[in-house]
Amino acid sequence: MPFIVAKTTETLDATIAAWRKEGASIAFVPTMGALHDGHLSLMERARGLADRLVVSIFVNPTQFAPGEDFERYPRPIEDDIAKLKELKADILFLPDVETMYPEGYVTNISVKGLNNILCGAVRPGHFDGVATVVARLFMLVKPEVAVFGEKDYQQLAIIRRMVTDLAIPVRVEGAPTLREPDGLAMSSRNLYLSKEERAIAAQIYAMLTHVATCIRQNPTHVVAVLAEGAAMLKNAGFQKVDYLELRDGVTLVPMNNLDRPARLLVAAHLGKTRLIDNVEVLPK
Ligand code: AMP
């Protein structure tokens with residue numbers, strides 16, 4: 001089957017209709033492009049879950065605040081298409097802004113309580129933009145299953161909540177974070193890092209694994225251990241730590257005591273780049 005690039009909903013609809021006629025099931029991986037092995041691991045996973053694989057690339061303006069990196073976000077579309085062909089994805093949905101937000105578009109999805117904490121506290125409106133565009137993509141692609149990375153853990157929690165609340169008929173699968181050999185989580189934004197910053201960036205995962213081990217050993221000393229972890233990042237050369245927190249793995253409520261499965265989440269600034277990462281922390 002030839003690889004298709006659909007820039008319009010008409011091409012997407014026609015392709016999906018033909019697959020449905022054959023009785024084929026659909027898996028979906030939404031992305032913002034600048035594809036790396038982390039993205040590709042999601043797609044490999046998705047391919048095993050359904051007959052056809054739809055990938056989307058859309059740098060969604062509504063999830064960027066003024067002054068963020070929307071304009072300079074990397075867009076190496078030819079490289080991305082080559083990777084998708086090699087991976088044998090069936091179709092790339094590559095809409096423009098007018099296709100995703102046609103004239104008159106006003107609807108906004110706000111997953112309250114999850115959208116204003118952690119990254120949402122420092123990026124107001126970001127997760128409304130994410131939830132809204134993902135909901136619209138789900139409606140257009142109509143997949144049985146969609147795969148999202150645990151790299152963006154809060155995003156995954158928000159999508160799960162939205163799908164449950166709106167009864168969207170899609171199964172959401174979370175996939176583990178793919179890392180560089182030194183532990184840095186793969187990210188399109190790693191392209192922004194200078195050589196010096198790239199060397200420092202690996203400290204984020206080293207800190208997370210250290211703090212996770214300390215919390216498991218001292219489950220009631222979470223606050224002190226987190227302060228130590230934030231100081232480690234500052235000492236390594238990070239300018240600002242937006243947050244380093246232990247949260248419930250499902251509800252994302254804060255935890256001061258490791259008495260159930262948790263997630264340790266961090267966001268920190270290195271030069272002009274904001275990096276996020278997280279690890280699971282299970283009680284002993
Ligand atoms: P993005 O293009 O950054 O919007 O990411 C698209 C999808 O890829 C999201 O579900 C991300 O969580 C996921 N993703 C990004 N980086 C990684 C990674 N290092 N490992 C696994 N999944 C990732």
Side-chain angles (χ1 to χ4, degrees), residues 27-49 53-64 68-70 72-77 79-81 83-84 87 89 92-95 100 111 114 118-120 123 126-138 141 143 145-163 170-193 198 201-202 204-205 208-209 252 263 265-267 273-280:
F28 178 42
V29 179
T31 80
M32 298 204 300
L35 302 178
H36 50 67
D37 286 352
H39 292 120
L40 301 184
S41 72
L42 261 51
M43 294 169 197
E44 294 280 9
R45 168 92 173 262
R47 265 171 14 123
L49 298 173
L53 170 59
V54 180
V55 173
S56 66
I57 295 180
F58 181 60
V59 185
N60 175 32
T62 68
Q63 68 189 69
F64 291 80
E68 288 188 351
D69 56 345
F70 176 70
R72 69 182 181 119
Y73 198 85
R75 291 168 171 84
I77 192 63
D79 291 355
D80 286 352
I81 288 176
K83 286 177 187 171
L84 291 173
L87 192 117
L92 167 63
F93 181 45
L94 184 64
M100 287 309 289
V111 182
L114 287 174
L118 300 167
C119 285
R123 303 183 70 190
H126 168 68
F127 287 115
D128 288 11
V130 170
T132 304
V133 79
V134 170
R136 190 163 153 77
L137 286 167
F138 281 170
V141 176
V145 58
V147 184
F148 290 83
E150 289 180 349
K151 160 79 182 8
D152 300 276
Y153 197 78
Q154 185 175 6
Q155 168 174 286
L156 175 60
I158 284 173
I159 306 283
R160 284 195 197 282
R161 188 70 250 171
M162 174 184 78
V163 162
V170 61
R171 194 171 94 238
V172 174
E173 292 266 334
T177 303
L178 228 75
R179 298 180 180 281
E180 302 288 355
D182 66 358
L184 177 65
M186 289 183 185
S187 164
S188 307
R189 289 193 167 100
N190 294 349
L191 296 169
Y192 299 154
L193 298 171
R198 174 62 190 81
I204 210 162
Y205 183 61
L208 283 178
T209 50
L252 297 186
R263 209 83 195 180
L265 305 109
V266 67
T273 311
R274 184 174 178 277
L275 297 173
I276 60 169
D277 202 349
N278 66 86
V279 294
E280 186 177 50

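Each residue takes its place number in the sequence, starting with 1. Model, not experiment: these values are computed from the prediction. Whatever order the structure lists ligands and atoms in, that order sets their numbers, starting from 1.
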TODO: Below 4.0 angstrom from a heavy atom of M186, which ligand 1 atoms are there? Numbered from 1 as shown, please.
DONE: 16 (N), 17 (C), 18 (C), 19 (N)

Task: Any Y153 side-chain heavy atom under 4.5 Å of T177 side chain - done: no

Open item on the list: Donor-acceptor pair, distance only, cut-off 3.5 Å: does the side chain of N278 make one with the backbone of K151?
Closed with: yes

Open item on the list: Looking only at protein heavy atoms, which one is nearest to atom 23 (C) of ligand 1, and what is the separation?
Closed with: K151 CB, 4.0 Å

Open item on the list: With heavy-atom distances below 4.5 Å as the criterion, would you say the side chains of P30 and F58 are in contact?
Closed with: no

- [ ] Provide, to 0.1 Å, the distance between atom 1 (P) of ligand 1 and the closest protein heavy atom, together with that atom's residue and name.
- [x] H39 NE2, 3.6 Å

Open item on the list: Can you name the atoms of ligand 1, numbered from 1 with element, that are less than 4.0 Å from a heavy atom of P176?
Closed with: 20 (N), 21 (C)

Task: Close side-chain approach of L42 and E173, heavy atoms under 4.5 Å - done: no

Open item on the list: Give the atom numbers and elements of ligand 1 that come within less than 4.0 Å of a heavy atom of T31.
Closed with: 2 (O), 6 (C)

- [ ] Using heavy-atom distances, let me know which of L40, L178, V55 sits nearest atom 18 (C) of ligand 1.
- [x] L178

Open item on the list: Could you tell me if the side chain of P143 sits less than 4.5 Å from the side chain of V54, heavy atoms only?
Closed with: no

Open item on the list: Using the rule side chain to side chain contact (heavy atoms under 4.5 Å, CB included), only one of Q154, Q155, M162 pairs with V130; which is it?
Closed with: Q155

Task: Atom indices of ligand 1, in the order listed, that fall short of 4.0 Å to a heavy atom of G149 - done: 9 (C), 10 (O), 11 (C), 12 (O), 13 (C), 22 (N)

Open item on the list: When you measure from the centre of the six-membered ring of Y192, is the NZ or CZ of R72 closer than 6.0 Å and no more than 45° off the axis?
Closed with: yes

TODO: Please confirm whether the backbone N or O of G38 pairs with a side-chain atom of S41, one donor and one acceptor, at under 3.5 Å?
DONE: yes

- [ ] Check A34 against ligand 1 and report side chain, backbone, both or neither, counting heavy atoms closer than 4.0 Å.
- [x] neither

TODO: Before signing off on this row, confirm whether P30 and ligand 1 have an N or O atom pair separated by under 3.5 Å.
DONE: no

- [ ] Mark up the atoms of ligand 1 that fall under 4.0 Å of a heavy atom belonging to T177, in ascending order.
- [x] 19 (N), 20 (N), 21 (C)

TODO: Check each heavy atom of S188 against ligand 1 and say whether those closer than 4.0 Å belong to the side chain, the backbone, both or neither.
DONE: neither

Open item on the list: Does ligand 1 come near enough to D152 that some N or O of the ligand is less than 3.5 Å from an N or O of the residue?
Closed with: yes

TODO: Check whether any side-chain heavy atom of M43 sits under 4.5 Å from a side-chain heavy atom of K83, and report yes or no.
DONE: no

- [ ] Between R179 and ligand 1, find which residue part has any heavy-atom pair under 4.0 Å and reply side chain, backbone, both or neither.
- [x] neither

Task: Option nearest atom 22 (N) of ligand 1 (shortest heavy-atom distance, choices D37, I276, V59, L42) - done: L42

TODO: Would you mind listing which atoms of ligand 1 come within a distance below 4.0 Å of any non-hydrogen atom of F148?
DONE: 10 (O)

Task: Atoms in ligand 1 with a heavy atom of M32 nearer than 4.0 Å - done: 1 (P), 2 (O), 4 (O)

- [ ] Spell out, as yes or no, whether a donor-acceptor pair under 3.5 Å connects the side chain of R47 to the backbone of L87.
- [x] yes

Task: Donor-acceptor contact below 3.5 Å, side chain D69 vs main chain T273 - done: no

TODO: Indicate yes or no: does an N/O atom of A175 lie under 3.5 Å from an N/O atom of ligand 1?
DONE: no

